[in-house]
Amino acid sequence: MPLSDQEVRRREEREELEKLGINPYPAEPFEINASVENILQHYNSENQTNKAKYEDVSLAGRIMSQRIMGSASFAEIQDATGRIQLYIQRDEICPEEDKTLYNTVFKKLLDIGDIVGVRGYVFTTQTGETTIHVKSFKLLTKSLRPLPIVKEAEDEEGNMVTYDAFADPEQRYRQRYVDLIVNPQVRETFKKRTQLVNSMRSFLTDQGYMEVETPILQPLYGGAAARPFKTHHNTLDMTLYLRIANELYLKRLIVGGFDGVFEFAKDFRNEGMSRFHNPEFTQVELYVAYKDYNWMMDLVEEMVEKVAIALHGTTEVQVGKNIINFQRPWKRFTMFEAIEHYTNIDISEMNEQQLRETCKKLNIKVDDSMGKGKLIDEIFGEYGEPKLIQPTFITDYPIEMSPLAKKHRTKEGLVERFEAICNGKEICNAFSELNDPIDQRERFEEQLTLGKRGDEEAMVLDEDFLRALEYGMPPTAGLGIGIDRLSMIMTNSQSIQDVLFFPQMKPEVRKKESTDEEFVSHGVRAELVPILHKLGILNTEQFAKSSPSKLHNDICGMRKKMKLKDVKNPTKEEVAEWIEKAQQ
RNA sequence: GAAUCUGUAGCUCAGCUGGUAGAGCAACGCCCUUUUAAGGCGUGGGUCCUGGGUUCGAAUCCCAGCGGGUUCACCA
């Protein structure tokens, strides 16, 4: 694509700077002794003696606005912590005769988006704005692309109003760097996400559990029910899968004798995308020996409550229209209780046929590949899950849908499993882990049967994992928490894309561009190539497909429009010849 | 995959039932030493997503395609 006039101008400015002996991309470091946040928070509340600390501050950031006047100007710079106003006076920057640094460099060659370092002192303007009175500045990076300009102001009632917001989701996600520059609330969301992970990590580490790493490339995928991404290793000439979970590896480590391990893991699932699903997502999984799922529920409550307090200073979090309170203890329901509560149907004694009929009665679509567990899950997913707004534990799942969980100690047909549901979505999943190798083998075999019935997500049998269990895994409680989903709740985000820096997107469509020489080789005069570009003909394939008379017309029209008086129009015959040549 | 909305200047958008493409911000030039979305005067900048059709005439109407959003479906 041809450059816009603003881009062309910035490239010219870059050259101008170099001519003036100013390197637009200097190598040496720039010393910083202050941050915007620190100055804005503390300067005004300091007494006179402490204000002296702000007499020589040095900070760096991106120019976000410029208000240029005759011999003094205002600008704003933004560093990682916020935005602050600069005041620049010509005769202070340029005490000598030569006013180039102010008149040319600052006023003409710097733009919004450029990164600069400044030194000066802090003061308060007549309008009460904390401002840096600049004594010297240095260009640190020239920006060649104009930023979208977002402005904020207070309206008459004192609310912040955003003008010209950079809000197109496609551009925001594809060019997250721009989103982060111009939308401060986006930076806040991601800071919160990192705080969330940090507070979990320190909670788990403080409990004495060990953070570990396990393979992402796995010869067999397991630990969850999902379709995997498949890849190939050349040297070993074997198929490998990107992990859909790390459960089976962490349990091997429990077999190995660690009594508490956890991993923050990127997992990959080759499934549909939606505002709750991205093909790669993050989970933390935790396994603790000698514990059960009741113990794990207590841990989840405590940990998530701590996260809420770390991020918000309170257990209450606003999510959409709801205020969610993470304060312990959370409600606990068995799955059958929850279904009965919301549908008035007791399904606890039903067989597969009866469940199938119940689903029909409740308008739930069923097909033959669904077993008993899946049917129950469908009912709960339709009638229970969406209604659970406050954090709630759902316990005791049917055995068919939980092939890695231990059979319930007292209730036939169920397993010791729970999920925490919050804002209508699952945020964690945990069991008393199945450690009986014979039982585990049978469960895998049932999965194989389901797979044959057409369930594409049925689990595969992992012989090495079974071998590990045969050596003996202690009774263990296991947990998985979806970090993205929890981040969505904790940051009041509507879409998973808002808590992922770089959500998966369709590839950007970009037209191939041919060089000028390729056009010239078909007989086109070089001076006509810019006209073709302007017409949107960027490569010779497009060119070859054009109709000669239309192209001739377009070229002549565009030549006039571009006011290229010195360029001679081609004749119709010439154009036809070029195209013919291009088609060969 | 389905429904629906949408594609106009660097950005945000207006442009009604067809009649020479508009605003604000950004950019460029001039004026202004503390401004508050700073202001004033002036200037430049558009394959109106693409391709067909209807028409004397299409950003606008029709058809097809492409891109994107949202919702639904799929999704432990």
Side-chain angles (χ1 to χ4, degrees), chain A residues 2-10 13 65-76 85-92 108 111-113 123-129 131 133 145-155 160-174 178 182 223-227 244-245 269-279 365 373-374 376-378 380-381 385 397-398 400-405 417 419 426 429 455-459 480 482 494-495 497 505-509 511 531-537 542 545 550 554 557-558 561:
Chain A
L3 297 174
S4 71
D5 59 340
Q6 295 192 41
E7 289 172 292
V8 171
R9 210 184 48 76
R10 287 185 181 218
E13 286 171 355
S65 74
Q66 278 177 304
R67 293 187 284 280
I68 291 180
M69 293 179 272
S71 55
S73 299
F74 292 90
E76 282 178 302
Q85 178 166 273
L86 306 179
Y87 174 69
I88 295 181
Q89 206 179 22
R90 182 187 60 202
D91 296 333
E92 213 164 343
K108 305 219 162 106
D111 291 296
I112 291 175
F123 77 110
T124 306
T125 63
Q126 283 172 12
T127 49
E129 180 155 350
T131 299
H133 189 122
R145 266 178 201 264
L147 280 175
I149 302 298
V150 179
K151 291 200 167 178
E152 280 190 333
E154 277 180 34
D155 66 10
M160 287 310 272
V161 188
T162 305
Y163 299 86
D164 301 343
F166 179 68
D168 175 32
E170 187 194 3
Q171 288 196 65
R172 285 188 47 221
Y173 300 146
R174 279 199 203 284
V178 176
V182 302
R227 299 201 305 255
I244 57 172
R269 297 187 184 175
N270 208 338
E271 309 269 10
M273 288 162 65
S274 77
R275 71 189 182 97
F276 292 106
H277 299 86
N278 193 66
K365 267 193 280 173
K374 191 107 181 168
I376 295 172
D377 188 47
E378 289 292 321
F380 179 71
E385 200 170 70
Y397 283 61
E400 294 84 352
M401 54 195 282
S402 315
L404 300 167
R417 170 177 175 186
E419 289 189 359
E426 165 204 345
N429 182 17
D455 187 343
E456 282 188 87
E457 293 168 349
M459 290 188 195
Q494 295 306 303
S495 165
Q497 295 173 304
M505 304 282 283
K506 273 193 183 179
E508 228 171 324
V509 277
K511 274 190 188 156
I531 296 181
L532 291 176
H533 280 181
K534 201 78 181 168
L535 288 168
I537 297 173
Q542 265 175 294
K545 275 188 271 173
K550 182 176 190 311
D554 286 350
M558 188 57 79
K561 202 167 180 183

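Basis for what follows: all heavy atoms, side chains included, without hydrogens, waters or symmetry-related copies.
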Q: Across all strands shown, which nucleotide pairs with B:C41 by Watson-Crick or G-U wobble geometry, both distances under 3.5 Å?
A: B:G29
Q: What's the verdict on side chain to side chain contact (heavy atoms under 4.5 Å, CB included) for A:Thr124 and A:Thr131, showing C-alpha distance, side-chain angles and the deciding distance?
A: CA-CA 6 Å; A:Thr124 306; A:Thr131 299; over 6 Å; no
Q: Taking the C1' atom of each, how far is B:A21 from B:C13, in whole Å?
A: 14 Å
Q: Considering residues at least two apart in sequence or located in another chain, which fulfil the side-chain hydrogen bond (donor to acceptor under 3.5 Å, both in side chains) criterion with A:Ser4?
A: A:Glu7
Q: Could you tell me how far B:C75 sits from B:G67 if I compare only their C1' atoms? Round to whole Å.
A: 25 Å
Q: Please state the C1' separation for the pair B:G44 and B:U6 - nearest whole angstrom.
A: 30 Å
Q: Give a yes/no answer on whether the side chain of A:Arg174 brings an N or O atom under 4.0 Å of OP1 or OP2 in B:G68.
A: yes
Q: Can you name the residues that form a ring-ring contact (aromatic ring centres under 6.0 Å, His included) with A:His277, not counting sequence neighbours?
A: none
Q: Write down the distance separating the P atoms in B:G68 and B:G40, rounded off to the nearest Å.
A: 41 Å
Q: Sort out the partner of B:G22 for me: Watson-Crick or G-U wobble, both distances under 3.5 Å, none otherwise.
A: B:C13
Q: Measure all distances between protein nitrogen or oxygen atoms and nitrogen or oxygen atoms of nucleotides 28-36 of chain B, and list the pairs falling under 3.5 Å.
A:
from, atom 1, to, atom 2, distance (Å)
B:C28, OP1, A:Arg9, NH1, 2.8
B:C28, OP1, A:Arg9, NH2, 2.9
B:C32, N4, A:Ile68, O, 3.0
B:U33, O2, A:Tyr87, OH, 3.2
B:U33, O2, A:Gln89, NE2, 2.9
B:U33, N3, A:Gln89, NE2, 2.9
B:U35, O2, A:Arg67, NE, 2.6
B:U35, O2, A:Arg67, NH2, 3.3
B:U35, N3, A:Gln85, OE1, 3.0
B:U35, N3, A:Gln85, NE2, 3.2
B:U35, O4, A:Gln85, OE1, 3.3
B:U35, O4, A:Gln85, NE2, 2.0
B:U36, O2, A:Glu129, OE1, 3.4
B:U36, N3, A:Glu129, OE1, 2.7
B:U36, O4, A:Thr125, OG1, 3.4
B:U36, O4, A:Thr127, OG1, 2.2

Q: Expressed as a whole number of Å, how far does the P atom of B:G18 sit from that of B:A2?
A: 32 Å
Q: Using the C1' atoms only, state how far B:C66 lies from B:A38, rounded to an integer number of Å.
A: 44 Å
Q: Among residues at least two apart in sequence or on other chains, which ones pass salt bridge (charged side-chain N to carboxylate O under 4.0 Å, His left out) with A:Glu13?
A: A:Arg9, A:Lys142
Q: Any salt bridge between A:Arg417 and A:Glu419, counting N to O under 4.0 Å?
A: yes
Q: Only counting residues at least two apart or in another chain, list the ones meeting salt bridge (charged side-chain N to carboxylate O under 4.0 Å, His left out) with A:Glu129.
A: none
Q: I'd like a table of atom pairs between the protein and nucleotides 70-76 of chain B - only N or O on both sides, under 3.5 Å - with the distance next to each one.
A:
from, atom 1, to, atom 2, distance (Å)
B:C75, O3', A:Glu457, OE1, 3.4
B:C75, O3', A:Glu457, OE2, 3.3
B:C75, O2, A:His277, ND1, 2.9
B:C75, O2, A:His277, NE2, 2.1
B:A76, OP1, A:Glu457, OE1, 2.4
B:A76, O3', A:Glu426, OE1, 2.8

Q: Holding to side-chain hydrogen bond (donor to acceptor under 3.5 Å, both in side chains), I want the full list of residues that pass it with A:Glu76, two or more places apart in sequence or in another chain.
A: A:Ser65
Q: Name the pairing partner of B:U47, where a pair is Watson-Crick or G-U wobble with both distances under 3.5 Å, or state none.
A: none
Q: Using the C1' atoms only, state how far B:C48 lies from B:G7, rounded to an integer number of Å.
A: 10 Å
Q: Under a 3.5 Å cut-off for both distances, is B:U54 Watson-Crick or wobble paired, and to whom?
A: none
Q: Do the non-hydrogen side-chain atoms of A:Val178 and A:Pro148 ever get within less than 4.5 Å of each other?
A: yes
Q: Tell me which nucleotide, if any, is Watson-Crick or G-U wobble paired with B:A3 when both distances must be under 3.5 Å.
A: B:U70
Q: Just jot down the salt bridge (charged side-chain N to carboxylate O under 4.0 Å, His left out) partners of A:Arg269, sequence neighbours excluded, or say none.
A: none
Q: Just jot down the side-chain contact (heavy atoms from CB on, under 4.5 Å) partners of A:Ala72, sequence neighbours excluded, or say none.
A: A:Tyr87, A:Gln89
Q: CD of A:Glu170 versus P of B:G69: gap in Å, rounded?
A: 6 Å
Q: Starting at CG of A:Asp5 and ending at C1' of B:G44, how long is that distance when rounded to a whole Å?
A: 7 Å
Q: Quick one: CD1 on A:Ile88 to NE2 on A:His133, what's the gap to the nearest 0.5 Å?
A: 9.5 Å
Q: For the pair made of CG in A:Asp168 and P in B:C11, what is the distance, rounded to whole Å?
A: 10 Å
Q: Could you work out the separation of B:C56 and B:G51 based on their C1' atoms and round it to a whole Å?
A: 23 Å
Q: side-chain contact (heavy atoms from CB on, under 4.5 Å) with A:Asn270: which residues, sequence neighbours excluded?
A: A:Arg227, A:Phe229
Q: Please state how far atom CD1 in A:Ile149 lies from atom P in B:C13, giving the value in whole angstrom units.
A: 15 Å
Q: If you restrict it to nitrogen or oxygen atoms, what contacts under 3.5 Å exist between nucleotides 1-6 of chain B and the protein, and what is each distance?
A:
none

Q: Run the salt bridge (charged side-chain N to carboxylate O under 4.0 Å, His left out) test against A:Arg172 and tell me which residues pass, sequence neighbours left out.
A: A:Asp179, A:Asp498
